[in-house]
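Step one of this worksheet: look at the structure below.
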Amino acid sequence: MKRAIITGATGVIGTALIDELISCGVEVLVICREGSVRNSVLPVSPLVSKIFCSLDGLKNLQNLSGKTYDVFYHFAWDKTFGNGRNDVYTQEQNVRYTLDAVGVAKRFGCSTFIGAGSQAEYGRVNGKLSPETPCFPENGYGIAKLCAGQTSRIYAEQLGIKHVWVRVLSVYGPNDGAQTMVASTINKLKNGQKADFTKAEQLWDYLYSGDAAEAFRLLGEKGKDGKVYVLGSGRAIPLKDYITVIANALNANGLLNFGAIPYSAKQVTYLCADVSDLYTDVGWTAKTKFADGIKTIIDKNT
């Protein structure tokens, strides 16, 4: 891989992937929204350039650079948290934007399209999540991600582009969204605020963004056409243990309030990725311990 394109590059995985790619000498073109405050977190390098384009402009985006690119990474997605997940009209538009992104990949000469799916495509499952696990999504976001993965695979095949779909579990790291559990907990505890949680008994799989970025790079190089991969650490531990690690790092255990929030009606109680295909196909395994990843985040924000 010599050149790659990324949408949604200002997120926790996108920024880590840029760092990963430029460390390997890969030239990166970022497609981002003009005026977004998040553009300030994009890594600065001679290897990184930007095109300003909103999601609804992808269908008309043309390659005027004269360059040919190799891999297209599509992370951009509207309304990924809270009530926005059931904004069905926006979620339907996200499917169209994914198809538009496949078209951009073709016009920019990419031979591979990699889309970011979600564990929400599965719904609630008690066992490890694998590509073969049946999908029964329970919200508009999960339904749209599942549809986007399947329809973009058809469109990529029609255009002669290799297609890889990655169902991402919980990724944390620098530049994480403020509303995520890890980021919001760090911010509250750093500011001396009480942090309320459920009993946090659910078993969860967290993956550090740097490890996720390495997986995406390797999939861009060696991922198998038409395949779905599930991306996580491959290990599930109680959510309470993750939260305690964060509190220990900030010496703020007294601010944790477990049991203050009831579980939701459709609470996912077990989340763990079967990453065996990632190891078999591209040689990837998770490397970063949760405590080490949390220390990196805290150190970067100090």
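Quick caveat, the model's predicted, so the values are computed rather than measured.
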Within the side chain of K128, is there an N or O that forms a donor-acceptor pair under 3.5 Å with the backbone of R235? no
Any side-chain heavy atom of L231 within less than 4.5 Å of one from W284? yes
Could you tell me whether Y263 atom OH has more than 12 heavy atoms of other residues or ligands within 6.0 Å of it? yes
Interatomic spacing from CD1 in I22 to CG in L17 - rounded to 0.5 Å: 10.0 Å
Considering all heavy atoms of both residues, which atom of N39 and which atom of R33 are nearest to each other, and what is their separation? ND2-O, 3.0 Å
Are any side-chain N or O atoms of D211 and backbone N or O atoms of A286, one a donor and one an acceptor, separated by less than 3.5 Å? no
Starting from F216, can I reach Y206 by hopping between I/L/V/M/F/W/Y residues whose side chains sit under 4.5 Å apart? no
Within a radius of less than 6.0 Å around CZ of F81, do more than 12 heavy atoms belonging to other residues, nucleotides or ligands occur? yes
Please tell me whether N175 and T15 have a donor and an acceptor in their side chains that are separated by less than 3.5 angstrom. yes
Indicate yes or no for a side-chain donor-acceptor contact from K2 to the backbone of T68 under 3.5 Å, with no hydrogens or angles considered. no
Pair L47-V26, side-chain contact (heavy atoms from CB on, under 4.5 Å): steps then yes or no: CA-CA 7 Å; L47 290 173; V26 177; over 6 Å; no
Quick check: is L169 connected to I294 through a chain of hydrophobic side chains (ILVMFWY, heavy atoms under 4.5 Å apart)? yes
Hydrophobic clusters here meaning ILVMFWY residues chained together by side-chain heavy-atom distances under 4.5 Å, can you tell me if I6 and Y97 are in one? no
Under 4.5 Å between side-chain heavy atoms, counting indirect links through other Ile/Leu/Val/Met/Phe/Trp/Tyr residues: same cluster for L207 and V228 or not? no
Take atom CD in E157; do more than 12 heavy atoms of anything else shown fall under 6.0 Å from it? no
Carboxylate-amine/guanidinium contact E92 R96, below 4.0 Å: yes
Restricting to non-hydrogen atoms, name the atom on A249 and the atom on I298 that form the minimum distance, rounded to 0.1 Å. CB-CD1, 3.7 Å
Looking only at heavy atoms, the pair that brings P134 and Y122 closest together is O-CD2, 3.8 Å
Student check: side-chain heavy atoms of D70 and T112 closer than 4.5 Å: no
Any chance you could lay out the side chain to side chain donor-acceptor pair (under 3.5 Å) test for D196 and N257, step after step, and finish with the verdict? CA-CA 5 Å; D196 293 339; N257 191 13; 2.9 Å; yes
Evaluate side-chain contact (heavy atoms from CB on, under 4.5 Å) for Y229 paired with D281, printing each intermediate quantity in order. CA-CA 10 Å; Y229 294 88; D281 291 353; 2.7 Å; yes
In Å, rounded to the nearest 0.5 Å, how long is the span from CG of N301 to OG1 of T296? 10.5 Å
Working note: Y172 + Y208, criterion ring-ring contact (aromatic ring centres under 6.0 Å, His included); need CA distance, chi angles, decisive distance, verdict. CA-CA 5 Å; Y172 73 101; Y208 184 62; 5.5 Å; yes
Nearest 0.5 angstrom please: S111 OG to L159 CG, how far? 13.0 Å
Indicate yes or no for a side-chain donor-acceptor contact from T133 to the backbone of S130 under 3.5 Å, with no hydrogens or angles considered. yes
Taking every heavy atom of W204 against every heavy atom of V268, the minimum-distance pair comes out as CZ3-O, 3.2 Å
With a 4.5 Å cut-off on side-chain heavy atoms, are F290 and I237 touching? no
Inspect the surroundings of NZ in K190 and state if more than 12 heavy atoms from other residues, nucleotides or ligands are less than 6.0 Å away. yes
Side chains of Y69 and N63, donor plus acceptor under 3.5 Å: no
Just say parallel, tilted or perpendicular for the rings of F75 and Y73, cut-offs at 30° and 60°. parallel
Other residues, nucleotides, ligands: >12 heavy atoms within 6.0 Å of N60 CG: yes
Check for a donor-acceptor pair, side chain of D205 on one end and backbone N or O of L271 on the other, with a separation under 3.5 Å. no
Measuring from R85:CZ to I143:CD1, what's the distance to the nearest 0.5 Å? 12.0 Å
Crowded around N126 CG? As in, over 12 foreign heavy atoms under 6.0 Å? no
Between K224 and D277 (salt bridge meaning N to carboxylate O under 4.0 Å), is one present in this structure? no
d(T198 OG1, Q267 CD) to nearest 0.5 Å is 6.0 Å
With side-chain contact (heavy atoms from CB on, under 4.5 Å) as the criterion, how do D225 and H163 come out once you've worked through the C-alpha distance, each side chain's angles and the decisive distance to 0.1 Å? CA-CA 5 Å; D225 185 21; H163 182 281; 4.1 Å; yes
Apply side-chain contact (heavy atoms from CB on, under 4.5 Å) to the pair V230 and D274, showing each step before the final yes or no. CA-CA 7 Å; V230 186; D274 179 346; 5.8 Å; no
F72 and F113 aromatic ring geometry - parallel, tilted or perpendicular at 30°/60° bounds: parallel
Does the side chain of L21 come within less than 4.5 Å of V48's, by heavy atoms? no
As a quick check of understanding, evaluate salt bridge (charged side-chain N to carboxylate O under 4.0 Å, His left out) for R217 and E20, giving each step before the final call. CA-CA 7 Å; R217 175 181 62 80; E20 172 75 15; 2.6 Å; yes
Note: R167-E121 ion pair, threshold 4.0 Å (strictly below): yes
Would V28 and V164 show up in the same hydrophobic cluster when neighbours are defined by side-chain heavy atoms closer than 4.5 Å? yes
Testing the basics here: between A120 and Y141, what is the closest heavy-atom pair and its distance to 0.1 Å? CB-CD2, 3.7 Å
Close side-chain approach of F108 and L61, heavy atoms under 4.5 Å: yes
For the pair N94 (side chain) and D78 (backbone), establish whether a donor and an acceptor sit closer than 3.5 Å, ignoring hydrogens and angles. yes
If you take all heavy atoms of K145 and S118, which pair is closest and at what distance? CG-CB, 4.2 Å
Is the closest side-chain heavy-atom distance between K79 and Q91 below 4.5 Å? yes
Let me confirm one number: the CG-CD1 distance from L55 to I31, rounded to the nearest 0.5 Å. 9.5 Å
Check the surroundings of atom NZ in K240: do more than 12 heavy atoms from other residues, nucleotides or ligands lie under 6.0 Å from it? no
Are any of the side-chain heavy atoms of C32 and F52 separated by less than 4.5 Å? yes
Would you check if the side chain of T7 reaches a backbone N or O of A76 as a donor-acceptor pair within less than 3.5 Å? yes
With a 6.0 Å cut-off (strictly less than), is the heavy-atom count around NZ of K50, excluding the residue itself, greater than 12? no
A side-chain contact here means heavy atoms from C-beta on lying under 4.5 Å apart; do S152 and L99 qualify? yes
Output yes when a side-chain donor or acceptor of Y270 lies under 3.5 Å from a complementary backbone atom of R124, and no otherwise. no
